[in-house]
Each structure stands twice: as structure tokens, then as C-alpha cells.
Peer 1: 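Here it is, the structure in full.
In this text the structure is predicted, and so the values were computed from the model without any measurement. The residues of the chain are indexed from 1 along the displayed sequence.
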Amino acid sequence: MSVTRWWAAGLVAAMALVAGCGGASEDAPVAESSTSAVEATPVAAKPWDPCTIPDAAVEAAGLDVESKTTNLFGDAPLSNDWMTCIWTDPDPGSWYFLGMFSGFHSLDDLQLNSRFGQFSKIDDLGGYEFLRADRPAGRSCGFALEVEQGLVYFVLDTRAASEPAGDPCAEVNHIARAMLSSLPPRKTE
């Protein structure tokens with residue numbers, strides 16, 4: 001199986017589990033509708049699209065602008081709950097894929113997902129670094145940031161057939177820092 005297929009299979013598996021952040025579960029049923037009137041702030045129909053990040057910001061983050069895709073398998077969305085965008089670092093010597101995800105979920109939802117763990121606050125970025133529980137140490141790292149209408153998170157996965165050319169957590173934090181000004185406004189506490 002090719003490197004791209006291995007990585008894509010892992011990304012699809014992660015997306016399937018992350019997509020489970022929405023909806024009802026035995027422990028957290030969907031709230032029933034209320035009969036009382038409440039004035040609500042309008043919510044966007046779709047989450048923010050990470051593929052709208054300007055090419056200049058993508059390039060400044062060290063990613064290959066031309067590698068941008070929403071799905072490694074074609075045009076079908078990876079999830080109905082998340083907007084996705086995927087890039088690689090430039091060839092030759094590309095050693096990782098970076099997926100960026102945006103959805104109407106909270107950091108708590110991501111932390112409850114068993115595929116992710118070891119969350120730690122990155123104060124200067126205003127978000128949280130985390131690891132994928134299903135990847136070997138030193139092969140993946142993520143960064144999550146709560147925004148006004150949900151959550152944006154990045155997952156950097158190294159290519160299966162090559163050794164990492166750097167620390168995935170240092171790289172994902174560099175990318176987050178370079179793209180921070182292109183992300184939706186942060187959620188105020």
C-alpha cells in the first residue's frame with residue numbers, strides 16, 4: 001500500500017471518529033426542543049472553511065500551496081460536521097501531511113474523543129497542543145483553538161514511509177503561529 005494511502009486511511013479513520021463529536025450518545029442525548037422563545041445570535045450555516053486561508057499565509061507556514069485539497073480521495077467531503085483542508089510540506093523531502101479541521105464543536109468535544117490525548121495549553125497561541133493516541137510517539141501532533149463559532153484544529157501526521165525530519169509538535173506550533181491571523185476570531189472567555 002502506498003504512503004499516501006496509509007496516511008489517507010489514518011486520516012479517514014480519525015475523521016470518522018472526530019465526526020462522532022456531534023449528535024446524541026447514550027451518555028449525552030440531544031436536547032429536546034423548548035417551547036419558550038429565546039433570542040439567539042445568528043449562527044453560520046456552515047463552519048468556517050480552512051481552505052480559504054490565503055496562499056501567502058499557507059506559504060509562510062512552510063506548506064506547499066499547490067498540495068491543497070479537501071479530501072485525499074476525491075471530491076466527497078470527509079465529514080458532514082467538519083470543513084477540512086489538507087496540505088503537505090514542500091517536495092523534495094516532504095515528510096508530513098497537515099489537516100486543518102473546522103466545526104461547530106468545542107474543545108471539550110475534542111478532549112472527549114479517545115483518539116486524542118495529552119492536551120496541554122500553549123499560552124502564547126491561546127490554544128492546546130495534543131497528540132493522537134493511535135500514532136507512535138514522534139509521528140503526529142495537533143493544535144486546537146476555540147473560535148467564536150466552534151473549533152479549529154490542526155493535525156500533523158508524518159508520512160509512513162519516511163522518518164520525521166523534525167519534531168511534529170514544534171512544526172504544528174510553527175504552522176499555527178504563522179496562520180493564526182488568518183483563522184476566525186478566537187472565542188472570548
Peer 1: Quick check: closest heavy atoms across Pro47 and Ser102, and the distance to 0.1 Å?
Peer 2: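 Heavy-atom minimum between the residues: CB-O, 3.4 Å.
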Peer 1: Is there a side-chain contact between Val155 and Met100, using heavy atoms and a 4.5 Å cut-off?
Peer 2: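 SC-SC contact between Val155 and Met100 ruled out.
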Peer 1: To the closest 0.5 Å, what do you measure between NE2 (His105) and CG (Leu107)?
Peer 2: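 His105 atom NE2 to Leu107 atom CG measures 13.0 Å (nearest 0.5 Å).
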Peer 1: Name all residues meeting the side-chain contact (heavy atoms from CB on, under 4.5 Å) criterion together with Asp123; count only those two or more places apart in sequence or in a different chain, and write none if there are none.
Peer 2: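 side-chain contact (heavy atoms from CB on, under 4.5 Å) list for Asp123, sorted by chain: Lys121.
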Peer 1: Just to verify, what does Glu148 make a side-chain contact (heavy atoms from CB on, under 4.5 Å) with, not counting sequence neighbours?
Peer 2: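 So Glu148 forms a side-chain contact (heavy atoms from CB on, under 4.5 Å) with Pro185.
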Peer 1: Could you grab the distance from atom OG of Ser106 to atom NZ of Lys187, nearest 0.5 Å is fine?
Peer 2: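 These two atoms lie 7.0 Å from each other.
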Peer 1: Hey, which of Trp82, Tyr128, Phe119 is the one that makes ring pair (Phe, Tyr, Trp, His ring centres under 6.0 Å) with Tyr153?
Peer 2: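 The ring pair (Phe, Tyr, Trp, His ring centres under 6.0 Å) with Tyr153 is passed solely by Trp82 among Trp82, Tyr128, Phe119.
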Peer 1: Check residues 169-181 and write down every donor-acceptor pair under 3.5 Å in which the side-chain atom is one partner and the other belongs to a residue at least two apart or another chain.
Peer 2:
unit_1 : atom_1 : unit_2 : atom_2 : d
Glu171 : OE2    : Tyr96  : OH     : 2.9
Asn173 : ND2    : Glu129 : OE1    : 2.6
Asn173 : ND2    : Cys169 : O      : 3.0
His174 : NE2    : Ala61  : O      : 3.4
Arg177 : NH2    : Asp124 : OD1    : 3.4
Arg177 : NH2    : Asp124 : OD2    : 2.3

Peer 1: Is it possible for you to say whether Leu125 and Val152 belong to one hydrophobic cluster, with membership spreading through side-chain heavy-atom contacts below 4.5 Å?
Peer 2: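 Leu125 and Val152: one cluster.
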Peer 1: Look up atom CD in Glu59 and atom CG in Asp55, then write down how far apart they are to the nearest 0.5 Å.
Peer 2: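 Glu59 atom CD to Asp55 atom CG measures 8.0 Å (nearest 0.5 Å).
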Peer 1: Side chain to side chain donor-acceptor pair (under 3.5 Å) with Ser94: which residues, sequence neighbours excluded?
Peer 2: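 Residues passing side chain to side chain donor-acceptor pair (under 3.5 Å) with Ser94: Asp89, Arg159.
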Peer 1: For the CG atom of Asp91 and the CD atom of Glu66, what is their distance to the nearest 0.5 Å?
Peer 2: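 Result: 12.5 Å between the selected atoms.
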Peer 1: Going hydrophobic residue to hydrophobic residue with side-chain gaps under 4.5 angstrom, can you get from Val147 over to Ile122?
Peer 2: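 Linked, Val147 and Ile122 end up in one cluster.
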Peer 1: In the single-linkage hydrophobic clustering (I, L, V, M, F, W, Y; side-chain heavy atoms under 4.5 Å), do Leu183 and Leu156 co-cluster?
Peer 2: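 Yes, same cluster.
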Peer 1: Restricting to non-hydrogen atoms, name the atom on Gly62 and the atom on Pro90 that form the minimum distance, rounded to 0.1 Å.
Peer 2: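 Between these two residues, the closest heavy atoms are O-CD, 3.1 Å.
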Peer 1: Any donor and acceptor pair, going by atom type alone, linking the side chain of Arg135 with main-chain N or O of Thr158 inside 3.5 Å?
Peer 2: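 Pair found, side chain donor or acceptor close to backbone of Thr158.
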Peer 1: Mind checking side chain to side chain donor-acceptor pair (under 3.5 Å) for Ser140 and listing every partner two or more places apart, or none if nothing turns up?
Peer 2: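 Side chain to side chain donor-acceptor pair (under 3.5 Å) list for Ser140, sorted by chain: Asp157.
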Peer 1: Hey, what do you get for SG (Cys141) to CZ (Phe154), rounding to the nearest 0.5 Å?
Peer 2: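 Here the rounded value is 11.5 Å.
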Peer 1: Evaluate the side-chain proximity of Gln149 to Pro184: yes if any heavy-atom separation is below 4.5 Å, no if none is.
Peer 2: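 The answer is no; the side chains never approach within 4.5 Å.
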Peer 1: Can you see which heavy atom on Leu151 is nearest to which on Ala144, and at what distance?
Peer 2: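 Looks like CD1-CB, 4.2 Å.
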Peer 1: Taking everything shown except Gln118 itself, do over 12 heavy atoms lie less than 6.0 Å from its CD?
Peer 2: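 Open: at most 12 neighbouring heavy atoms sit under 6.0 Å from CD of Gln118.
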Peer 1: Work out which heavy atom in Arg186 is nearest to a heavy atom in Gly126; give both atom names and the distance.
Peer 2: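 So the two residues come closest at NH1-CA, 3.9 Å.
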Peer 1: Any link between Val58 and Leu145 through a network of hydrophobic side chains (Ile, Leu, Val, Met, Phe, Trp, Tyr) touching at under 4.5 Å?
Peer 2: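 Yes, because Val58 and Leu145 connect within a single hydrophobic cluster, where side-chain heavy atoms sit under 4.5 Å apart.
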Peer 1: Could you measure the distance from the NZ atom of Lys46 to the CE atom of Met83? Nearest 0.5 Å is fine.
Peer 2: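 The NZ atom of Lys46 sits 4.5 Å away from the CE atom of Met83.
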Peer 1: Is Phe143 reachable from Leu112 through a run of hydrophobic residues whose side-chain heavy atoms are each under 4.5 Å from the next?
Peer 2: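 No.
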Peer 1: Side chains of Ile53 and Trp48: does their closest heavy-atom pair fall under 4.5 Å?
Peer 2: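 Ile53 reaches Trp48 side chain to side chain.
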Peer 1: Report yes or no: does Thr88 contribute a side-chain atom to a donor-acceptor pair with the main-chain N or O of Ser67 at less than 3.5 Å?
Peer 2: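 Judged by distance alone, no pair lies under 3.5 Å.
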